[in-house]
K.L.:
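Here's a structure for you.
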Amino acid sequence: MEYLKAFIIGGLICAIGQILIDYTKLTAARILVMFVITGLILGGLGWYKPFIDWAGAGAVVPITGFGSALAKGVKQAIEQKGPLGILTGGITGTAAGISAAMFFGMIAAVLSKPGEK
């Protein structure tokens with residue numbers, strides 16, 4: 001049941017993005033930023049954590065989960081380092097995700113055949 005809930009919640013978040021692409025003049029990049037900022041604000045207010053607890057990976061995996069992780073990292077860094085944590089916490093809190101994206105992006109680049117369009 002947990003997998004089904006994660007699939008449905010994650011799918012709904014992606015469907016919202018697709019609806020925004022299809023029916024508005026927003027670009028995919030603006031929608032991406034909007035989702036990150038939404039997750040950041042909800043995470044900063046403490047409202048995204050209960051959603052993560054309920055929806056599991058369906059709330060963590062989409063890009064809104066990245067925004068929430070940024071907010072969580074900043075909160076923790078401010079508690080530990082004071083105001084300097086505002087600058088360092090986001091990167092520290094999301095380092096694993098950023099590293100994974102870079103690693104798998106490198107693998108995809110090595111395995112693909114580059115060519116001009």
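Just so it is clear, the model here is predicted, and its values are computed rather than measured.
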K.L.:
Can you tell me if K49 has over 12 outside heavy atoms packed within less than 6.0 Å of its NZ?
P.N.:
no
K.L.:
More than 12 heavy atoms of other residues, nucleotides or ligands under 6.0 Å from CD1 of I91: is that the case?
P.N.:
no
K.L.:
Does the K81 side chain pair with the main chain of T88, one donor and one acceptor, at a distance under 3.5 Å?
P.N.:
no
K.L.:
Are L12 and V61 linked, directly or through intermediate hydrophobic residues, by side-chain heavy-atom contacts shorter than 4.5 Å (ILVMFWY only)?
P.N.:
no
K.L.:
Closest heavy-atom contact between A71 and G44?
P.N.:
CB-N, 3.5 Å
K.L.:
So I52 and S68, do their side chains get closer than 4.5 Å, heavy atoms only?
P.N.:
yes
K.L.:
Could you grab the distance from atom CD1 of I41 to atom CG of L70, nearest 0.5 Å is fine?
P.N.:
12.0 Å
K.L.:
Determine whether T64 and V36 make a side-chain contact, defined as any pair of heavy atoms from C-beta on separated by less than 4.5 Å.
P.N.:
no
K.L.:
Restricting to non-hydrogen atoms, name the atom on P62 and the atom on G10 that form the minimum distance, rounded to 0.1 Å.
P.N.:
CG-CA, 4.2 Å
K.L.:
Can you confirm whether I21 sits close enough to L26 that some side-chain heavy atom of one is under 4.5 Å from a side-chain heavy atom of the other?
P.N.:
no
K.L.:
Please list every donor-acceptor pair under 3.5 Å in which a side-chain atom of residues 95-112 meets a protein atom from a residue at least two apart or in another chain.
P.N.:
residue : atom : partner : partner atom : Å
S99     : OG   : A95     : O            : 2.8
S112    : OG   : A108    : O            : 3.0
S112    : OG   : A109    : O            : 3.4

K.L.:
Below 4.5 Å, heavy atoms only, C-beta onward: do F35 and I13 meet side chain to side chain?
P.N.:
yes
K.L.:
How close do I31 and G17 get, counting heavy atoms only, and between which atoms?
P.N.:
CD1-O, 4.0 Å
K.L.:
Can you see which heavy atom on G58 is nearest to which on I9, and at what distance?
P.N.:
O-CG2, 3.7 Å
K.L.:
Measure the spacing between CD1 of I16 and CE of M34 and express it to the nearest 0.5 Å.
P.N.:
9.0 Å
K.L.:
Is a donor on one side and an acceptor on the other found under 3.5 Å between the side chain of Y48 and the backbone of A59?
P.N.:
yes
K.L.:
List the atom of A77, the atom of G89, and the distance in Å for their closest heavy-atom pair.
P.N.:
CB-CA, 3.4 Å
K.L.:
Enter the distance from K72:NZ to T94:OG1 here, rounded to the nearest 0.5 Å.
P.N.:
12.0 Å
K.L.:
To the nearest 0.5 Å, what is the distance between CD1 on I63 and SG on C14?
P.N.:
10.5 Å
K.L.:
Shared ILVMFWY cluster between F66 and F51, side chains joined below 4.5 angstrom?
P.N.:
yes
K.L.:
Who passes salt bridge (charged side-chain N to carboxylate O under 4.0 Å, His left out) against K75, sequence neighbours left out?
P.N.:
none
K.L.:
Counting C-beta onward and ignoring hydrogens, is there a side-chain heavy-atom pair between R30 and V33 closer than 4.5 Å?
P.N.:
no
